[in-house]
Amino acid sequence: MPRRHIHVTGAPEAPLRSALRTLRTTLDVPDEFPAEVLAEAEQAAKAPRLPAYDATGIPLFTIDPPGSTDLDQAMHLARREGGGYRVHYAIADVAAFVAPGGALDAEAHRRVMTLYFPDGRIPLHPPRLSEGAASLLPDQTRPALLWRVDLDAHGRTEAVDVRRALVRSRARLDYSGVQRQIDAGTAEEPVALLRDIGLLREALERERGGISLNVPEQEIVERGDSYFLGFRAPLPADGWNAQISLLTGMAAADLMTAAGIGILRTLPAAPVGEVARLRRSAKALRIEWPHHTSYAEIVRSLDPTKAAHAAFLQECTTLLRGAGYTVFTDGKIPDPAVHAAVAAPYTHCTAPLRRLADRYAGELCVAAVAGEEPPQWVRDALPGLPQEMAAGTRRASTVERECVDIVEAALLRDRVGELFNAHVVDVQERDRAVGTVHLDDVAVVGRVEGGDGELPLGERIRVRLTQADPGSAKVLFAPA
């Protein structure tokens, strides 16, 4: 969900915890759920709207980070007779619990999406639902929107169906465990096929000019009496799993465009100037980017386990800033209707426990497959969703950015005055003495200013840490 992942392991010291608590207050983020919302969630958990179709015989499994309990998706992968594959993808049916116009619904529209802090999250829905009755936890019968996507032998979509169903997950897996099983050849076929289908879908992504950013997770790790800030590179299994979600989002967009009503996740092509800026950053990080090589090709060539490549992938997320939500209700497909990074029409529909728009996209797709009109409550909410999602995304981005600043300041606060080796990865156009540096030995990207002359873009320099206070001041460097 967040573009820049960061989390805390161990028990970080008081200044960091205190600064994160203060940030919650400063940004006025929602915290405790009102009593009437909790009461409605409790009642809904006891008496959800259950579908007639029983698909509990499909042995679904989930793949999430260890310890996750808000499980939106569960899958089962199989080979089809005669060739190709069948993907069953169950998505938590939030609408089975949230009544339109009720207290739960109003609170979800106020929150818009789950907010992620390094030391925890502020959920979109009460935990009684998001981590309990609505979550696709193992060995629990749950209402879901069950997608069935048939693929040919090359991974191309041949047929799509989605309907309400009762489902039952059999296992809760995590990425590293799945990766180990697949690498060792011990994974059962439904899990082993994640690699086969994932690789086919990645090949199709390359063919259509799409791109997936394997952005490393910035991680605070406890080491004895101190803490270390580093990057954790995503595993191949992370990417294969993401391809199943992308597959579903693309199928959902096709269903909605065919029905003439929907909400798409759109992203215009990157401006030439932004790509040029990234070329300068690549040069600064000693990443070779031939002129005939496209942005998509250079990103696919990167190794997120390398520090310079990890830093560049973080810079690449800036090209996602123009993403938004586009609604259409009259059969006229919007222009643009494509998400530039996906290189196809696409929508968010696989994380309704954590993102408001997904509940509505799911309802539109179920109606489209059934040949029915969408519910009136969906039609009524559609026009306002883009603005709501934009506001929620801005708040989530602010939380993300401020959390990174606080964590970096907390980790470096005792090192003010020290010298570091760094690369200049960006220089401001209006003031060439101000820019951004990426430290060589610490997973920190920070602002640099205070020098007498122009910063040498793409060059290695020595910088001095001039401020770092998790309670008040962001990390700042000066040329040494």
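Since the structure is predicted, the reported quantities are computational estimates derived from the model, not experimental observations.
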Between [Y] and [X], is there a salt bridge with N-O shorter than 4.0 Å?
X      : Y      : result
Glu373 : Arg379 : yes
Arg111 : Glu107 : yes
Arg206 : Glu297 : no
Arg359 : Asp93  : no
Arg413 : Asp469 : no
Asp358 : Arg355 : yes
Arg80  : Glu158 : yes

Rounded at 0.5 Å granularity, tell me how far [atom1] in [X] sits from [atom2] in [Y].
X      : Y      : atom1 : atom2 : result
Tyr295 : Ile211 : OH    : CD1   : 4.5 Å
Leu60  : Gln73  : CG    : CD    : 12.0 Å
Glu189 : Leu194 : CD    : CG    : 12.5 Å
Thr398 : Glu402 : OG1   : CD    : 7.0 Å
Trp240 : Ser212 : CH2   : OG    : 13.5 Å
Thr62  : Arg170 : OG1   : CZ    : 12.5 Å

Heavy atoms, side chains only, cut-off 4.5 Å: are [X] and [Y] in contact?
X      : Y      : answer
Leu173 : Val191 : yes
Asp70  : Pro123 : no
Ile261 : Met256 : no
Leu385 : Tyr360 : yes
Val98  : His125 : yes
Thr326 : Pro386 : no
Leu27  : Val399 : yes
Val162 : Ile91  : no

Atom [atom1] of [X] with >12 non-hydrogen neighbours under 6.0 angstrom:
X      : atom1 : value
Asp28  : CG    : no
Glu81  : CD    : no
His109 : NE2   : yes

Which atom pairs, one a donor and one an acceptor, fall under 3.5 Å between side chains of residues 333-343 and the rest of the protein, sequence neighbours left out?
unit_1: His339; atom_1: ND1; unit_2: Ala341; atom_2: N; d: 3.3
unit_1: His339; atom_1: ND1; unit_2: Val342; atom_2: N; d: 3.4

Return the minimal non-hydrogen interatomic distance between [X] and [Y], and the atom names on each side.
X      : Y      : value
Ile263 : Ala357 : CD1-CB, 4.4 Å
Ile182 : Ala192 : CG1-CA, 4.3 Å
Met250 : Ala344 : CE-CB, 3.7 Å
Leu200 : Ala153 : CD1-O, 3.6 Å
Thr56  : Asp54  : OG1-OD1, 2.5 Å
Ala165 : Leu146 : CB-CB, 4.0 Å

Expected list for residues 134-142: side-chain donor-acceptor pairs under 3.5 angstrom, two or more places apart:
unit_1: Ser135; atom_1: OG; unit_2: Thr69; atom_2: O; d: 2.6
unit_1: Ser135; atom_1: OG; unit_2: Leu71; atom_2: N; d: 2.9
unit_1: Thr141; atom_1: OG1; unit_2: Arg168; atom_2: NH1; d: 2.9
unit_1: Arg142; atom_1: NE; unit_2: Gly132; atom_2: O; d: 3.4
unit_1: Arg142; atom_1: NE; unit_2: Ala133; atom_2: O; d: 2.9
unit_1: Arg142; atom_1: NE; unit_2: Ser135; atom_2: O; d: 2.8
unit_1: Arg142; atom_1: NH2; unit_2: Gly132; atom_2: O; d: 3.0

Give a yes or no on whether the backbone of [Y] and the side-chain of [X] come within a donor-acceptor separation of less than 3.5 Å.
X      : Y      : answer
Glu40  : Leu104 : yes
Gln179 : Ala237 : yes
Ser397 : Thr393 : yes
Thr257 : Asp254 : yes
Asp238 : Pro234 : no

Begin with the C-alpha distance, continue with both residues' side-chain angles, and end with the deciding distance and a verdict on side chain to side chain contact (heavy atoms under 4.5 Å, CB included) for Gln387 and Tyr325.
CA-CA 8 Å; Gln387 291 74 28; Tyr325 292 85; over 6 Å; no
When you look at Arg79 and Tyr85, which way does the side chain to side chain contact (heavy atoms under 4.5 Å, CB included) test go after all the steps?
CA-CA 4 Å; Arg79 297 186 187 276; Tyr85 306 90; 3.6 Å; yes
Mark yes or no: [X] above the aromatic ring of [Y], with NZ or CZ under 6.0 Å from the six-membered ring centre and no more than 45 degrees from the axis.
X      : Y      : answer
Arg163 : Tyr53  : yes
Arg21  : Phe117 : no
Arg49  : Phe97  : no

Partner residues of Arg156 under the side-chain hydrogen bond (donor to acceptor under 3.5 Å, both in side chains) criterion, sequence neighbours left out:
Glu207
Does Asn241 have any side-chain hydrogen bond (donor to acceptor under 3.5 Å, both in side chains) partners at least two apart in sequence or in another chain, and if so, which?
Tyr175
Between His76 and Tyr89: side-chain donor-acceptor atoms closer than 3.5 Å:
no
The side-chain contact (heavy atoms from CB on, under 4.5 Å) partner of Arg354 among Asp72, Leu124, Leu115 is Asp72
Derivation of the side-chain hydrogen bond (donor to acceptor under 3.5 Å, both in side chains) call for Ser245 and Thr350:
CA-CA 6 Å; Ser245 181; Thr350 62; 2.9 Å; yes
Between Val167 and Ile58, is the side chain to side chain contact (heavy atoms under 4.5 Å, CB included) condition met? List the steps.
CA-CA 7 Å; Val167 302; Ile58 301 174; over 6 Å; no
Hits for salt bridge (Lys or Arg N to Asp or Glu O under 4.0 Å) against Glu363, two or more places apart or cross-chain, chain-then-number order -> Arg164
Salt bridge (Lys or Arg N to Asp or Glu O under 4.0 Å) filter on Arg148, not counting sequence neighbours, yields none
Take Met113 and Met389 through the side chain to side chain contact (heavy atoms under 4.5 Å, CB included) test and state the conclusion after the steps.
CA-CA 8 Å; Met113 62 181 61; Met389 295 304 299; 3.8 Å; yes
